[in-house]
Amino acid sequence: MSVHNDIKRVTTHTLQAMKSRGEKISMLTAYDFSMARILDDAGIDVLLVGDSASNVMAGHETTLPITLDQMIYHAQSVVRAAQRCLIVVDMPFGSYQGNSKEALNSAIRIMKEAGAHAIKLEGGEEVVESVKRIISAGVPVMGHLGLTPQSIYKFGTYAVRAKQEAEATQLLRNAEILQEAGCFSIVLEKIPAALGEQVSKVLKIPTIGIGAGGGVDGQVLVMHDMLGLNKDFSPRFLRRYASLYDTVKQATESYIRDVKGRDFPNEQEQY
Ligand code: KIV
């Protein structure tokens, strides 16, 4: 599929081909036009309009409060910006757990109103009916297993999941169920590296890890964490590639100083 400027779009098939030839997949979250444009221009393979927008954009403690309308708003901004990458949008809490008809309606709204390319939802066997129904309508679905933040009140903690054999076995089974249902990829969040590698070897579809080690088929990070916009979130799996909190704070301090000191605007900066 080709879009503006003859840029070749990344599709779900591209990701499958990348897994087949052993090329790792890069994925980041994005929620707004300006940042999505930079990440797309840099060559990111997949942008996830994550429900982590609830945390990093809206300041909520969990991902639960964000609404379908709010996710669609973020997704529209990202879709307007990105010309090359695949754009996946999270189904927010409460938009798919009720029943498969509701799940399909939510997925259709995301595809129709935002122009997304795929949706992501959390869970295994318990959501498989919804996954099948959404895929049967022609909408690609990405699964999400391991630490599933929409279930934080069930887990009680953001600690590593599936360290015990029973939960690891269940996760592997759920991964196979999601693949069987037709998911094109699965996010594995915060699980032991050995399990991430095992699941990735067993599955034909690509796995994307966040805190799931190096044996998975691709990596995802929340953009704000990767760019160092947050100072107070330092899980072991996070590598920061910039310190934008400090950069933005220092720039703002300089601006304030220049305004107060009547240095800004100078002669050249006025009409
Ligand atoms: O919402 C999100 O940012 C996510 C990633 C952590 C995978 O689901």
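The model shown is predicted, which means the values in this text are computed figures rather than measured ones. Each ligand, and each atom within it, is numbered from 1 in the order the structure gives. Atom set for the values below is all heavy atoms of this structure, side chains included, hydrogens, waters and symmetry mates excluded.
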Test side chain to side chain contact (heavy atoms under 4.5 Å, CB included) applied to K120 and V141, D90, I186, the passing residue: D90
What's the spacing between I152 CD1 and Q150 CD if we round to 0.5 Å? 11.5 Å
Can you tell whether the side chains of R84 and D40 come within less than 4.0 Å, N to carboxylate O? no
Residue pair E189, R161: steps toward the side chain to side chain contact (heavy atoms under 4.5 Å, CB included) verdict: CA-CA 8 Å; E189 180 164 354; R161 303 301 314 174; over 6 Å; no
In terms of relative ring orientation, are H74 and Y31 parallel, tilted or perpendicular, with 30° and 60° separating the classes? perpendicular
Note: R133-E129 ion pair, threshold 4.0 Å (strictly below): no
Output, or 'none' if empty, a list of ligand 1-protein atom pairs in which both atoms are N or O and the distance is under 3.5 Å, rounded to 0.1 Å.
from     : atom 1 : to   : atom 2 : distance (Å)
ligand 1 : 1 (O)  : D51  : N      : 3.2
ligand 1 : 1 (O)  : D51  : OD1    : 2.9
ligand 1 : 1 (O)  : S52  : N      : 3.1
ligand 1 : 1 (O)  : S52  : OG     : 3.2
ligand 1 : 1 (O)  : D90  : OD2    : 3.1
ligand 1 : 3 (O)  : S52  : OG     : 2.5
ligand 1 : 8 (O)  : K120 : NZ     : 2.9

